[in-house]
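Provided herewith is a single structure, encoded as structure tokens, for subsequent inquiry.
In each ligand, atom 1 is the first atom listed, and ligand 1 is the first ligand listed. All heavy atoms count here, side chains included; hydrogens, waters and symmetry mates do not.
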Amino acid sequence: MSSEAGLFSPLTLRGVTFRNRIGVSPMCQYSAVDGFVNDWHLVHLGARAAGGAGLVMMEATGVTPEGRITPGCTGIWSDAHAEPMKRITDFIQSQGAVAGIQIAHAGRKASCDVPWRGGAPLPPSDPAAWQTIAPSALAFQDGHPVPHAMTLEDIKRLQESFVLAARRAVKAGFRLIELHGAHGYLMHEFFSPLSNHRTDDYGGSRDNRFRFVLETARAVRGEIPADIVLAARLSCSDWTEGGVTIEDSTALAAALKDCGVDLIDCSSGGNVHDAKIPADPGYQVPFAAQIRREAEIPTAAVGMISEPQQADDIIRKGEADMALLARAFLRDPYWAVHAAQTLGAEADVPPQYLRGYHQSRTAAPAKKAG
Ligand code: 8OZ
């Protein structure tokens with residue numbers, strides 16, 4: 001399923017057109033105070049929008065205070081949290097990029113310290129620590145806190161928190177909302193048999209383990225406008241015997257499509273501390289390709305994508321509809337402009353910076369490669 005479309009061809013999903021297939025993957029900044037965004041987030045996300053990406057996604061943002069990974073993570077559990085995000089989405093969109101947000105609950109992996117202080121679970125004696133929740137009372141690993149197993153009431157309440165978060169995100173100007181169903185956080189904890197030992201309607205069979213994610217996706221889709229893109233990031237494999245397989249995640253992707261999800265962001269791992277993950281360049285791309293082919297839903301590839309030719313090949317071979325980059329964007333906010341130069345495509349350089357690229361002050365550079 002190869003395609004004429006390359007990394008710099010536009011993509012339209014629902015009512016949203018992305019100027020190219022390059023996305024800034026959600027990246028925790030650990031720089032919020034009480035969940036509130038600030039100038040760091042504006043500058044971090046804004047620079048990457050000015051740097052030519054088609055999609056700029058805000059980091060994993062807690063739908064409840066307890067859903068944050070660390071006390072420095074952003075939150076969207078109140079209208080007051082969403083309000084200052086509008087300045088950020090306005091700026092992103094003024095630069096020609098689409099603003100997206102990943103809404104999340106970290107489940108049993110919440111209540112940790114920020115990575116530059118070690119990233120370990122906060123000890124219960126720390127006043128900043130909180131009680132974690134999860135599908136089952138199973139710690140992530142020995143020595144980590146045991147989460148409280150969610151009651152059916154907890155489940156309903158949390159699904160409502162996702163819906164309210166999505167509504168606030170729309171009001172804040174985001175045009176893509178991604179449900180974080182990966183990396184061992186709460187949604188993934190539900191659909192993985194390694195972290196879900198429930199015996200009620202939310203555990204046991206595959207359909208039951210999928211239920212929390214599917215119900216939440218359906219509820220969110222029902223509450224956001226038809227022209228807002230709904231994405232889901234999945235851990236497509238637990239890389240562990242007895243865990244999630246690509247066959248499971250392909251089935252989950254197909255079911256999410258039926259719930260009105262538009263894009264599957266294909267990641268893996270994170271639910272098991274000692275999984276053997278072959279993290280070579282592009283190692284998760286085959287998941288994006290298989291889900292795109294078999295579940296017939298647009299996909300984003302993510303993970304160890306750093307080179308322009310590598311990203312362009314993924315799109316041209318039809319392995320994914322978008323390439324999301326994380327660490328490459330930490331190193332270079334202008335990765336998209338530099339990739340365009342490497343590939344001979346049209347770069348979207350802010351007019352203020354054109355002289356830095358030896359271009360005329362008015363004209364767009366180079367030749368166009370669709
Ligand atoms: C990097 C470090 C810590 C957390 C994820 C939110 O894995 C994260 C994360 C990424 O999705």
Heteroatom proximity flag, His183 to ligand 1, N/O under 3.5 Å: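 Yes, since at least one N or O of His183 sits under 3.5 Å from an N or O of ligand 1.
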
Proximity flag Cys28 to ligand 1, non-hydrogen atoms under 4.0 Å: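 Contact check Cys28 vs ligand 1: positive.
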
Short N-O contact, Arg167 and Asp79, less than 4.0 angstrom: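 No, Arg167 and Asp79 are not salt-bridged.
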
Shortest protein heavy-atom distance from atom 3 (C) of ligand 1, along with the residue and atom involved: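 Here the closest protein heavy atom is Tyr30 OH, 2.9 Å.
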
Option from Val261, Ile264, Leu263, Asp262 for which side chain to side chain contact (heavy atoms under 4.5 Å, CB included) with Pro298 holds: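 Exactly one candidate clears the test, Leu263.
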
Taking atom 4 (C) of ligand 1 as the reference point, the nearest protein heavy atom with its distance: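 Ranking protein heavy atoms by distance from atom 4 (C) of ligand 1, first comes Tyr185 OH, 3.3 Å.
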
Side chain to side chain donor-acceptor pair (under 3.5 Å) partners for His148, two or more places apart: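 If we apply the side chain to side chain donor-acceptor pair (under 3.5 Å) test to His148, skipping adjacent residues, the hits are Asp154.
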
Salt-bridge present (Arg316, Asp312; N to O < 4.0 Å):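 Salt bridge between Arg316 and Asp312, a charged N being under 4.0 Å from a carboxylate O: yes.
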
Residue from Arg211, Arg209, Glu215 passing side chain to side chain donor-acceptor pair (under 3.5 Å) with Tyr202: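 With Tyr202 as partner, side chain to side chain donor-acceptor pair (under 3.5 Å) holds for just one option, Glu215.
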
Sub-4.0 Å heavy-atom contact, Met27 with ligand 1: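 Met27 does not count as a contact of ligand 1 under the 4.0 Å cut-off.
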
Polar atom proximity, His180 to ligand 1 (N or O, under 3.5 Å):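 The answer is yes, given that His180 and ligand 1 share an N or O pair closer than 3.5 Å.
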
Any protein heavy atom < 4.0 Å from atom 10 (C) of ligand 1: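 It does not; no protein heavy atom is within 4.0 Å.
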
Enumerated ligand 1 atoms positioned under 4.0 Å from heavy atoms of Ile69: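 Under 4.0 Å from Ile69, ligand 1 has these atoms: 4 (C), 6 (C).
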
Could you list the donor-acceptor pairs under 3.5 angstrom formed by side chains in residues 126-137, with sequence neighbours left out?
{"unit_1": "Asp126", "atom_1": "OD1", "unit_2": "Ala128", "atom_2": "N", "d": "2.7"}
{"unit_1": "Trp130", "atom_1": "NE1", "unit_2": "Glu66", "atom_2": "O", "d": "3.0"}
{"unit_1": "Ser136", "atom_1": "OG", "unit_2": "His197", "atom_2": "N", "d": "2.8"}

